[in-house]
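What follows is a short report on a single structure.
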Amino acid sequence: MTPGCLIATFLVIGIIFVPFGLFCLQTSNHVAEINRRYDVECVPNAYRGNKQAYIKDSAISKNCTLEVKVLDHMRAPIYVYYELENFYQNHRRYVKSRSDKQLRFGAKYTGESCSPVQWDHNGFPIVPCGLIAWSLFNDTYDFTQGSKEIKVNRKNISWKSDREHKFGKNVFPSNFQNGSFIGGGKLDPTVPLSEQEDLIVWMRPSALPKFRKLYGVIEEDLEVDETINILIRNNYNTYTFGGKKSIVLSTASWLGGKNDFLGYAYIVTGSMSIFMSILFALIHVKYPRPQGDTNRLSWNRKNSNN
Amino acid sequence: MPATADTDERPLVELAAVAATRTPTAASSSPQAPFPAAPFPGLATPGFSRAVRCNAPSSFPADGGGAGQQAAEYPGNAISTTKYTAASFVPKSLFEQFRRAANCFFLVVACVSFSPLAPYRAVSVMLPLVVVVSAAMVKEAVEDWRRKQQDVEVNNRKVEVYDGTQSFHETEWKKLQVGDIVKVKKDEFFPADLLFLSSSYDDGICYVETMNLDGETNLKRKQALEVTMGLNDEHLFHSFKAFIQCEDPNEKLYSFLGTLHYNEQQYPLSPQQILLRDSKLRNTGYIYGIVIFTGHDTKVMQNAMEPPSKRSSVERRMDKVIYLLFVILFVIATFGSIVFGMKTKHEISPGNYAWYLRPDQANIFFDPNRASFAAFCHFLTSLMLYTCLVPISLYISIEIVKVLQSTFINQDQNMYCAESDKPARARTSNLNEELGQVHTILSDKTGTLTCNSMEFLKCSINGVAYGNGPTEVETSYGEIAETTGNYGHKDATESKRVVKGFNFTDGRLMDGRWVKECSRDAVEMFFRVLAVCHTAIPVADRNSAGMPYEAESPDEAALVTAAREFGFEFYNRTQATISVHEYDPDSGGKLDRTYKLLNTLEFSSARKRMSVIVRTEEGRLFLFCKGADSVIFERLSKDSGKACLTKTKCHIDEYSEEGLRTLVLAYRELTEEQYSLWNQEYQAAKNSVHNDHDEAVEKASEDIEKDLVLLGATAVEDRLQNGVPECIHKLAQAGIKIWILTGDKLETAVNIGYSCNLLRKEMEEIFITLDNSSKSASEGCSEEGNRMAPYEEIDRKLQDARRAIFMKGASTSFALIIDGNALTHALTGTLNKSFLDLAVNCASVLCCRVSPKQKALVTRLVKIRTSKTTLAIGDGANDVGMLQEADIGVGISGAEGMQAVMASDFAIAQFRFLERLLLVHGHWCYRRIAAMICYFFFKNITFGFTLFWFEAHAMFSAQPAYNDWFISFYNVAFTSLPVIALGVFDKDVSSRVCLEVPSLHQDGVNNVFFSWSRILSWMLNGMCCSIIIYFGSLNTVLVQAVRQDGRVAGFDILGVTMYTCVVWTVNCQLALYISYFTWIQHFVIWGSILIWYAFLVIYGLFPPAVSTTAYHVFLEACASSPLYWLSTLMIVVTALIPFFVYKISRTLYYPQYHDQVQRTNSKNW
C-alpha cells in the first residue's frame, strides 16, 4: 500500500463519516423527549425518610400528579416509556426464572425453571410463573391536559412475534400473586396471556440495569409550552434496592429515539481518519522515504549499534 | 497323503528327541545356546522355544503335534500395522483425543454443563466439542485406513508354497504358516523369515538385497547348509521332513541361533541360512526355504519402531500461549467470582434489597447468606462461560491446514525429480512451519551433496601418477561463487563419458600399453588386486558394453569396473573362486585365470580395510589388501621402497586436495606354512562363540595383514549433485549455517567444501585436528602440542581460535574444520560449550571423519545449545540417528536405500530441492501458521471479552451476552473457514521473490511472526476491539428506542448487534491482514459473514422453545432498524482503525524486511 493510497483511504472514511455523523446528530436532535424522574417526588414529605414504609403501607394512597411542560413540539405518535435504574433485569437468576413453554402452552408445563416462583402455597401452578412475571411493573400513568384527557393507546406495544408465538391465546393467569409475599402487578385472570401486553413487554429482559420499556402511545400531537398533568399510581417498589423510576415521553425518528452517541461516534471516527490522513500526508511530505532503504531493517539497525 | 501323515509325524518327533539327547552338537554345548532337552515346544527353555516342523501335513488335527497346533501356537503371516482395530477405534482414539489438555478441559466443561451451574444449555457446549473431536477422529480413521490398505496389499502378495503333493501352488502371503516350504523367485520379496534350503545354484548360494532392512544396497550372499543344498527340485520335497529348533522372535537382524534336525542329524544354523522378510532375492533364479518366523514375529516387524514424534517450536510456543489464555481465564473468572460474592452478600443489606431476585428464597448458587460458596460455584460457571477464550477448534484447524500445506509440498512440480520420478514428500505434516525457521543445516556429504556414483579418475602405481581427467573441484574452483550456475559445461563432460564409474584418461595405461611401463609387474599386480580384492558380484545379464557389477559400495564397483577397463575383467564368482579374464602381456589376448578364494577379511568402518587371501593357478598364496592410507601405511613391510612410499603419500595428498576418495592397494605373498598356521588360528577365532568373537577375528586378521608391499593408490571421484553449489550459496545468503558432517578424510572434505561453495577463498580456515600420525598435514600442531593430553590440546586450540575470531572481528568470515578425533574430545565435558561458541561464530563448519553416532551427538549439541531449529539432511542408514535427533530430518530419496527416508520428516530427491523447501515452503508455512495462530487468539479474545464486559454489567451473575448457539457456533461456523484459508493460501510474496531474496528467511529464524510481542499485541488488539464493540453497541442501542415504532432494545437485540459487530470485525480484520487474495479468500471471508446472517434468520425461524431469545429477532427487530446497520458500520470501522493505523505506520515508517520486499515486488506481482 502506497502512502498516497493510504491517505486517500483515511480521507474517504473521514469525508463519509463526518457529514453522516452530523446528519445522525441532527436527526437525534429533532427527536423531542421529556424525561421526568418521579420516584422521590411522589413520596409524601412525611415519608421521605422512610420510603419503604410508604410503599409497603397499602393504606396510603399511591396517587401522585406530575406537571410536565412540553418544550418542543411533539408530533404523534408520542411513545410513553417507564425507565428503571439499578434494576438488574439481566441478572442470570432473574433471566432464567421463566418458562417459555408455560407461557405458550399453559400450566401443565410449570417446572423448576421458574424457581423460586412456580407453585403457590397450595401447591398449584402459578401462571405465569417465574421471577420476571412475579415482579411485573405496575405503576400506571394517566395524562390530562387541563381537563382534557389525553388518550394513551396501550395496545400493540409489544413485539408481534411475542404476542403470536410466545404467549398463548388460551393460557390464562391463575394463582398469580396470591401468595403472602406479593411482588409486582396483578393480572386479569380472564384475559389470555397473549393479550396481556404489559406482561409481554416486561418479560423481554433488558440488557442493562438501566432500561426503558414501552408503556403506551399517545396518538395526538403535543404543542410547545403546553402543560400536561400525569397522574401516577406509584405502586412499584424500587425503594428497597435504591432504584430510580422515570417517565419518558419521546417521539421517534427513523433512527429511533433520542441518542447522540451514534452521531458523535461517526464524527469522532471520521475526524480521526481525517486527522490521520493529514498526519500521514505531513510525514510523507516532510520525510519522504526512499523505497528499499535497507538501513532501516531491524537487524541492520541492530548491527550498526554493535 | 493324509493317510501316511499319521505314520510320518510321530517318528519325526521321536527322532528329534533321540537326536537331541544322544549327540550333543557343537552348538548345543555352547553356554549361550542351551538346547532344550525335550523337543516339545511346551517344555522348551525360555528364549529358545521355537520349534518348527517342516512339511507337516496341514490337515492333521488328531496327533496334537501337527500343523494344527503349530498354526495355533504361532501367529499367521498376516501383518497389521494399523493403530486401531474396528473394535478398539472408538475408545482408543477418544483416549488419544482427550490426552490433549485443551480437549480435556472442554470435556470437563461439557460434563459440568449438565449441572445447574451451566450458564447456558449443555448441548450447545457439547456440540462444538463433538464436532471437533469427531473431525480429529475421522482424520485418524482415514490415516489408519490408508495403513490398512497397505497391509492388505502386502498380505495379499503371492508366493508359491508347497502343498504336500509334490507341487507348489500360489497362495497369499497371509496364508503362510510356520513350517511351510516356499519357493521365491528372482526379484521377489521374501514373505517371511525363511530358513534357506537350496537355490537355483548348485552350490547353494543366493544373493539378497536388504535395502528395506538396513538401507544397504549391496547384495549379500547367503549360503545354504550342505545337507540341504541338493534339494533344488520340487519332487524332492515329497520325502523331506525336518524339525527346527531356534530362538524366539527378536529384533536382532544379524544374529540367529538354531538347529536343524534332519535325517537323524543335527546341524547348527547361523544367520547365513536365514532369509529375512522384506529383503529381496537378487541374481538368483529361485530359492526354497522353510518359514520360521511369520508375521509380527519376523525380524523386520520386530524392528519396526515408532519414529520419535517431533513438534515444531511454533506449536510449543502455542501451547504456552494456551496456558496463558488459561491463566487469563482463571483470572477473570476469579475476579468475577469475588465481585459476584460481594454483590450477592450485599443483596440482602438494607437499602439494597433486590426483592425482585427473591434473595430470601435463592438456591445455593445465589444464596446471600452463603456468599462465599455461591462465589465458588460462580467460579465454575464463569469457567464455562469464558471457555471461548480457549480456542477449541485451534488444534483441528491447524491439523487441517498442515495437511493441506503438505499436499502443496507434495504436489510442487519444482521439487519433482524427473530422472528418478520422485516428488518431494512431506512424511509428517507436523513440521511444515519449522522449515521456515531453520537456523542450522547439518548435512551428510556422500549421496547428499554428491551423487554417490563413483568414478575412477586417477591412480598412482609404484610412485607414478596416472590419469589426467579434470576433477570437479578443479573446474569449479571459485567459479561458482557468483550466483548463476552453469550446468552446460557439466553436461558436456557427461556426454563424453561412456563407461559408468570410469572417467580415466591416460594413454600410458589404456589398451594394454601399460606393459611398456617400467614398473610393469607392479602395474599388473595393481590391476589384479583391483580385480580380485572385493566382494562385488557380476550381474549375469549382459546387455551393456561391459559386465555390470553389484557391489557393497559404489567405490568398490568403480574399482572393479576400472580393473575391467584396464583389461582385468572379473566375470565370475563362486563361493570359493574368483574368475578373471586377464590381459596377457605376452600374447596380447585374454587369459582366463581362476583364483581360489581362501579367506575374505571383510571391510568394517573400524578396520578401514579389506583383504582377500587367494591361491593362484600356479599355487602361490597371496594376500591382497586395500584400505585407507592411514591403516595400510602402518602395515607395510619395513623393507619396502621408501621412495615409492613418499611419492605415493604425496600423490594421495594431491588427490585428497582435489576432493577425491583414495584407497591404498597392497599385497603380500604368503608361504604355505605361514598361511596354514594363521588359518588355524583364524578358524578358531571364527568358530568361537564367545562374546569376544568379533575381537578375536579382528585380532587374527591383524596377524596376517602385515608386512605388506605397497602397490599404489586409487582416486575415485564422487561427483557433486546438480545445483548443489548454487543451493548452498542461496542458503548461506539466507543466513542459514551449514555444517557438513562426513566420514571422509579432512582433505577430501575441505575440497568438497570448496567445490560446493561452502568454503570460499576469502574465508579464514580454522583447523582443529588431533591427527598425530600425519603431523605434516595438520598445521599448528606443534611439538609441545603433541605432548599434551588430547583434551588439553583441543581446549587450547579452541581458545586460540576463539581469540583469533575475536581479534579479527566481524570483517572476516571463518570456516571451522574439525576431525572426528578432535570432535570426540570437543564433545565431552566442558569443552562442548567452547566448541559450540566457536562453531556458531564461524560461517561454515566441516566435521570430517565422524561416525554416525557422532553425527547424532553433534546434532543434539547444536539443537540443545543454540536452542535454534536444526535440520539434518542425509541419505544413508548412517544418517538415521542424525535425522531423528534434529528438529527436522530430511531424507534424500536417492540411491542408498530407503532407511534415511523412512526416518525422515521430509523426503526430497535431490539436495538442491532443499532451497525451495526451506525458502519457499518453509517461509510460507511458517508465516501462515504463525499468522493463523495469532489470529485465532485475537478472535477468541475479542469475542470472550465482550462476554466479560457484559457480565460486569449484569452483577457478575455469569449471564452470557449472547444466545447459547451463537456462542457455540462462533469458532465452528462463522470464523473457521477464513482462518483456514489464511493458513493454507496466504502468501506475502511469490515463490520467485522468496528465492531471489533469500534473506527473507531470517524472519523465520528470528521468529518475527510469532514473537511474544507479536502474540501479545494481537491479544491487545483483541481486547481493544472487544471494548470498542461492547461500549459502541451499548451506547448506540440503549436505552432509547431503536426503531421508528418506538420499540426499545432488550438483551436479545443488544446481543445480536454485538455479535454482528464481532463477526464483521474479526473477518474484516483478517481481510486487512492477508496479503494475497484469490476468490477463495473472498468467498470464505464474505461467505462467513453471510452465513452469520443466514444462521440468524434460520435459527430465528425455529420455535421459541429452541431459539429462545433469537426468535424472529433479526427479521422482526434488527433488519428493519437502520440503527442496527449504521451502528454495525460505525463500530466495525472504528474497531479496525487501531490495527490499520498500526500496520500502516509500521510498513511505511518502520518497515520490516518482508514489508519492503513485498512492496518492491508488488508491481510485478
Side-chain angles (χ1 to χ4, degrees), chain A residues 1 3 6 13 77 79 81 83 87-88 90-95 100-101 104 115-117 131 135 159-161 165-166 183 204-214 217 237 240-242 250 252-259 261-262 265-266 269 272 276 283 289 291-292 296-299, chain B residues 119 351-358 361-363 366 953-955 957-959 1002 1006 1032 1034-1036 1038-1052 1054 1103-1105 1108 1111-1112 1116-1117 1121-1123 1126-1127 1130 1133-1134 1137 1141 1144 1147-1153 1156 1159-1160:
Chain A
M1 182 167 280
L6 169 78
I13 293 176
Y79 299 99
Y81 304 94
E83 183 176 302
F87 187 100
Y88 282 87
N90 60 5
H91 196 285
R92 186 158 65 96
R93 177 159 33 125
Y94 189 81
V95 174
D100 282 331
K101 276 195 167 165
R104 180 89 176 92
S115 161
V117 191
L131 281 176
S135 59
W159 295 101
K160 190 160 164 256
S161 64
H165 301 290
K166 280 192 177 170
R204 276 223 169 190
S206 69
L208 290 187
K210 178 184 174 184
F211 60 91
R212 281 180 197 175
K213 285 190 185 286
L214 194 54
V217 185
N237 182 1
T240 54
F241 56 87
S250 172
S253 67
W254 58 275
L255 268 179
K258 192 178 186 65
N259 185 353
F261 181 84
L262 187 69
Y266 267 112
T269 304
M272 254 168 39
M276 283 294 167
I283 295 174
R289 273 197 68 232
Q291 300 217 341
R296 301 224 170 201
L297 302 182
S298 53
W299 58 89
Chain B
N352 202 29
Y353 186 82
W355 58 268
Y356 56 93
L357 296 174
R358 292 302 292 267
Q361 291 205 4
N363 57 19
F366 296 97
H953 283 96
M955 225 194 246
S957 58
Q959 172 63 29
Q1002 281 299 316
N1006 298 327
L1034 202 69
N1035 286 306
T1036 44
L1038 299 177
V1039 75
Q1040 84 294 0
V1042 292
R1043 290 151 53 95
Q1044 198 153 16
D1045 62 5
R1047 303 288 195 277
V1048 292
F1051 159 76
D1052 43 359
L1054 179 73
T1108 59
Y1111 184 69
H1112 279 195
E1116 190 182 30
S1121 159
L1123 188 70
L1126 288 177
S1127 58
M1130 187 276 293
V1133 170
T1134 313
I1137 279 183
V1141 170
I1144 294 302
T1147 41
L1148 283 186
Y1149 302 106
Y1150 297 98
Q1152 287 177 305
Y1153 192 53
Q1156 286 209 333
R1159 183 134 47 95
T1160 45

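Numbers restart at 1 for each chain; the letters A, B, ... are given by sequence-line order, proteins then strands.
Panel note: side chain Asn259(A), backbone Asn1035(B); a donor-acceptor pair is recorded below 3.5 Å. Between the side chain of Thr1134(B) and the main chain of Thr269(A), no donor-acceptor pair closer than 3.5 Å is present. Arg93(A) contributes a side-chain N or O that, together with a main-chain N or O of Leu357(B), makes up a donor-acceptor pair within less than 3.5 Å. Without hydrogens or angle criteria, Asn90(A) side chain to Phe1051(B) main chain gives no donor-acceptor distance under 3.5 Å. For Ser957(B) (side chain) and His91(A) (main-chain N/O), no donor-acceptor pair under 3.5 Å exists by modelled atom type. Glu1116(B) places a side-chain N or O within donor-acceptor distance of the main-chain N or O of Ser161(A), the cut-off being under 3.5 Å.
Ser250(A) does not touch chain B: none of its heavy atoms, backbone or side chain, sits under 4.5 Å away. Within the 4.5 angstrom heavy-atom criterion, only side-chain atoms of Tyr81(A), from C-beta onward, approach chain B. At a 4.5 Å heavy-atom cutoff, the contact between Arg212(A) and chain B is made by backbone and side-chain atoms alike. With a threshold of 4.5 angstrom between heavy atoms, Leu1054(B) approaches chain A through side-chain atoms but not through N, CA, C or O. Both the backbone and the side chain of Val1048(B) have a heavy atom closer than 4.5 Å to some heavy atom of chain A.
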Exercise. Going through the checks in order, is the side-chain contact (heavy atoms from CB on, under 4.5 Å) test met by Arg92(A) and Phe366(B)?
Worked result: CA-CA 10 Å; Arg92(A) 186 158 65 96; Phe366(B) 296 97; 3.9 Å; yes
For a side-chain contact (heavy atoms from CB on, under 4.5 Å) check, start with the C-alpha distance between Leu1123(B) and Leu262(A), then their side-chain angles and the critical distance, and finish with the verdict. CA-CA 9 Å; Leu1123(B) 188 70; Leu262(A) 187 69; 3.6 Å; yes
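Listed options Ile13(A), Val95(A), Val217(A) were ranked by heavy-atom pairs under 4.5 angstrom with chain B; first place goes to Val95(A). Chain B forms more heavy-atom pairs under 4.5 Å with one residue of Gly242(A), Ser253(A), Ser135(A) than with any other, namely Ser253(A).
Under the 30°/60° scheme for interplanar angles, the aromatic rings of Phe241(A) and Trp355(B) are found to be tilted.
Here the side chains of Tyr79(A) and Gln1040(B) are not in contact, with every heavy-atom distance at 4.5 Å or above.
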